[in-house]
There are 2 protein chains.
Amino acid sequence: MNKFNSKITKMKALYFDKKLELRKDYPIPVPTENEALIKVILAGLCNTDKEIMNGYVPFTGVLGHEFVGIVTQCAQTEFIGKRVVGEINIGCGVCSLCKKGMQNHCPQRKALGIHGKDGVFGEYLTLPIENLHIVPDEVSDEEAVFAEPLAAALNILQNVEISKQDKVAIIGDGKLGQLIARVISTTSCDLTMIGKHESKLELAQDFCKTMTLNESADLENSFDVVIECSGNESALHYATLLVRAKGTIVLKSTYAGNIKINPSLWVIKEIRMTGSRCGPFAPAIKLMQDNKMNLTKLINEIFLIEDWENAFKAAFSKGALKVLLKLTK
Amino acid sequence: MNKFNSKITKMKALYFDKKLELRKDYPIPVPTENEALIKVILAGLCNTDKEIMNGYVPFTGVLGHEFVGIVTQCAQTEFIGKRVVGEINIGCGVCSLCKKGMQNHCPQRKALGIHGKDGVFGEYLTLPIENLHIVPDEVSDEEAVFAEPLAAALNILQNVEISKQDKVAIIGDGKLGQLIARVISTTSCDLTMIGKHESKLELAQDFCKTMTLNESADLENSFDVVIECSGNESALHYATLLVRAKGTIVLKSTYAGNIKINPSLWVIKEIRMTGSRCGPFAPAIKLMQDNKMNLTKLINEIFLIEDWENAFKAAFSKGALKVLLKLTK
């Protein structure tokens, strides 16, 4: 059991201010009365981190938002010593959206390691207690660190009804595509992952059919639902071709800047499109508890925070899947 | 009552083959056993006609798809002498989409005056009997000719649930926007038309609030539903700003070629988007029968077919609303 040592007030953290650097004397955050202090065990590197580092999203502070950790300080003492994961959006709590439970869309929201709130690439973080979810014993640290992106994948099922009868395509064989395949496979629909990398497609074969882009070329108008999570600029147009008339495109990828697209086909085919972002943690944790999802197969490598430069190189190299930082030795 | 004179076999028609020209000896079409021959009374000019003339949609034949006419020949004799309007899509009848009643999306479909089937800018046309709808006496020729675009406007209500509680914006004060305002106002929702032209906005004031683009500048994240029908390239981005998180954008406009847009906001705000095209004629006719919609106020001018060049000039000049061709003197 990790115990909080109140004499230590400094920690190691990856701080971003136009560039990323390791600070060894960053102040350990002090929780407010509604917050918990959490000692990070593992943190996950996500494409959003890369986007922030490339300046697409303005942010200054400790980077990172995917984590599993142990609560070391908390006004609600039953949390202390518990292993937790945490929702990343922190609403203002008083606006009409927050009151409707839509904190994720609060215009004043902060987001862990993304906007207005220090993130998880440090030894400690603080987070509102209401954002925390206790990790059941059956779920390992290496699985639990996937809670945030897995919840984001699950959000698709909150936005779109997918039934056993539906033909569904996932465009993208990367980290997000892999998690989405695992989540959507629980609907027992007719699921196909379309990607570029044989080795990544292989990782999804326990959960869906897989094919390369070339193999999918004659499948225009074939799918009830197409989920675009490749982040490739041309993929949204390709999704428009693959989906049937009156079918649904789910857009998970964000793009850096403008893309060129002809939306006329959306009108002609009367396509529905839905953007999908953060999702519910509780069912994500339940999914990890109940299902064999082989999440740890998606981990390429685990680095110590001191080796962060190699970690980032590995995470954002071509063909990479999940790279983790180990914060607690 | 117009009677078909079987000795006449030639007619006037506006024929498009890379350019539009008036042919005075175009053969009167001969209906198949499932078709009716219809003498055109009035035909409406639509932006799609302009797009075809600009080469965006490949088509050779008699142009035009909005009409009201009188059946002069038909195997189902009860139609003869009746005033009709007609649905423009002609499915193959045998594919899985046609069998589901989705003829509008049949991959082999023909479309009146748009694809593979001579249209209505001639004295006569043929159309499958099942595409015809008889016009009730209370609906004038000048109103009935709006059946097709009014049905297209009505299709929005088939794609999106709009209730009295919803705040809805229409971007665009043109022909389509005007019809959409009339249709959406029947839901008693809180409806606002946003446009550029004071004179056109005025035409909608019996049906909704109106405001100029400038006046709408501080309404970001305000609307449950935003309907884009301006055809302006920047309007889709503007719709993305106006709609609330998890709100719906209805896309009615088609665009010539690619537009530049950043879809990230669709993901971040989890926007739903739905393309909407052709719609149901029966409720459109019922709407014209039951509601005072001041459709004739939307008519700028009526031209004889011989004066087609001026008609097209008037129809596609800046600020124009509906221009009609009168085919039966």
Side-chain angles (χ1 to χ4, degrees), chain A residues 51 56-57 95-97 100 102-107 109 111 114-115 152 155-156 158-160 220-221 228-229 231 233 235-237 240 243-279, chain B residues 48 51 56-57 95-97 100 102-107 109 111 114 152 155-156 158-160 220-221 228-229 231 233 235-237 240 243-279:
Chain A
E51 289 186 19
Y56 302 139
V57 187
C95 74
S96 63
L97 289 168
K100 276 188 223 163
M102 288 170 69
Q103 294 87 346
N104 290 359
H105 292 286
C106 166
R109 72 184 178 276
I114 296 173
H115 180 71
N155 193 44
I156 294 171
Q158 297 213 320
N159 282 326
V160 181
E220 282 196 20
N221 300 309
E228 151 48 7
C229 56
E233 273 203 29
L236 183 53
H237 175 67
T240 304
V243 75
R244 68 163 167 85
K246 295 207 162 207
T248 299
I249 294 174
V250 179
L251 196 58
K252 283 297 296 183
S253 294
T254 51
Y255 303 86
N258 287 333
I259 66 170
K260 272 189 193 171
I261 192 150
N262 186 343
S264 298
L265 214 48
W266 303 342
V267 178
I268 292 165
K269 288 174 78 172
E270 299 195 272
I271 291 168
R272 287 162 189 274
M273 183 139 50
T274 180
S276 182
R277 200 176 41 127
C278 297
Chain B
T48 304
E51 287 186 19
Y56 302 139
V57 186
C95 74
S96 64
L97 289 168
K100 278 188 221 163
M102 289 171 68
Q103 294 87 348
N104 290 359
H105 291 286
C106 165
R109 71 184 177 275
I114 295 172
N155 193 45
I156 294 172
Q158 298 214 321
N159 282 326
V160 181
E220 281 194 19
N221 299 311
E228 150 50 6
C229 56
E233 272 203 30
L236 184 53
H237 175 67
T240 304
V243 76
R244 68 165 168 82
K246 294 206 163 211
T248 300
I249 294 174
V250 179
L251 196 58
K252 282 298 296 185
S253 293
T254 52
Y255 303 86
N258 286 334
I259 67 170
K260 274 189 192 171
I261 193 151
N262 185 340
S264 298
L265 215 47
W266 303 341
V267 178
I268 292 165
K269 290 175 76 172
E270 299 195 272
I271 292 168
R272 285 162 190 273
M273 183 138 50
T274 178
S276 180
R277 201 175 41 128
C278 297

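Letters go in sequence order (proteins before strands), and every chain restarts at 1.
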Contacts of Arg109(B) that satisfy salt bridge (Lys or Arg N to Asp or Glu O under 4.0 Å) - sequence neighbours left out: none

Which bit of Ser253(A) is near chain B, if near means a heavy-atom gap under 4.5 Å: side chain, backbone, both or neither? backbone

Which one of Thr274(A), Ile271(A), Ile261(A) has the most heavy-atom pairs closer than 4.5 Å to chain B? Ile261(A)

I'd like to verify something: which residue of Lys252(B), Lys260(B), His237(B), Arg244(B) has the highest number of heavy-atom pairs under 4.5 Å with chain A? Lys260(B)

Of the non-hydrogen atoms in Val267(A) and Ser276(B), which two are nearest, and what is the gap between them? CG1-O, 3.4 Å

Quick one: list whatever passes salt bridge (Lys or Arg N to Asp or Glu O under 4.0 Å) with Arg277(A), sequence neighbours left out. none

Chain B contact via Asn221(A) - which portion, at a heavy-atom distance below 4.5 Å: neither

Between Asn104(B) and Glu270(A), a side-chain donor and acceptor under 3.5 Å: no

So, Lys246(B) side chain and Met102(A) main chain: donor-acceptor pair closer than 3.5 Å or not? no

Residue from Leu236(A), Val250(A), Asn159(A) scoring the most non-hydrogen pairs under 4.5 Å with chain B is Asn159(A)

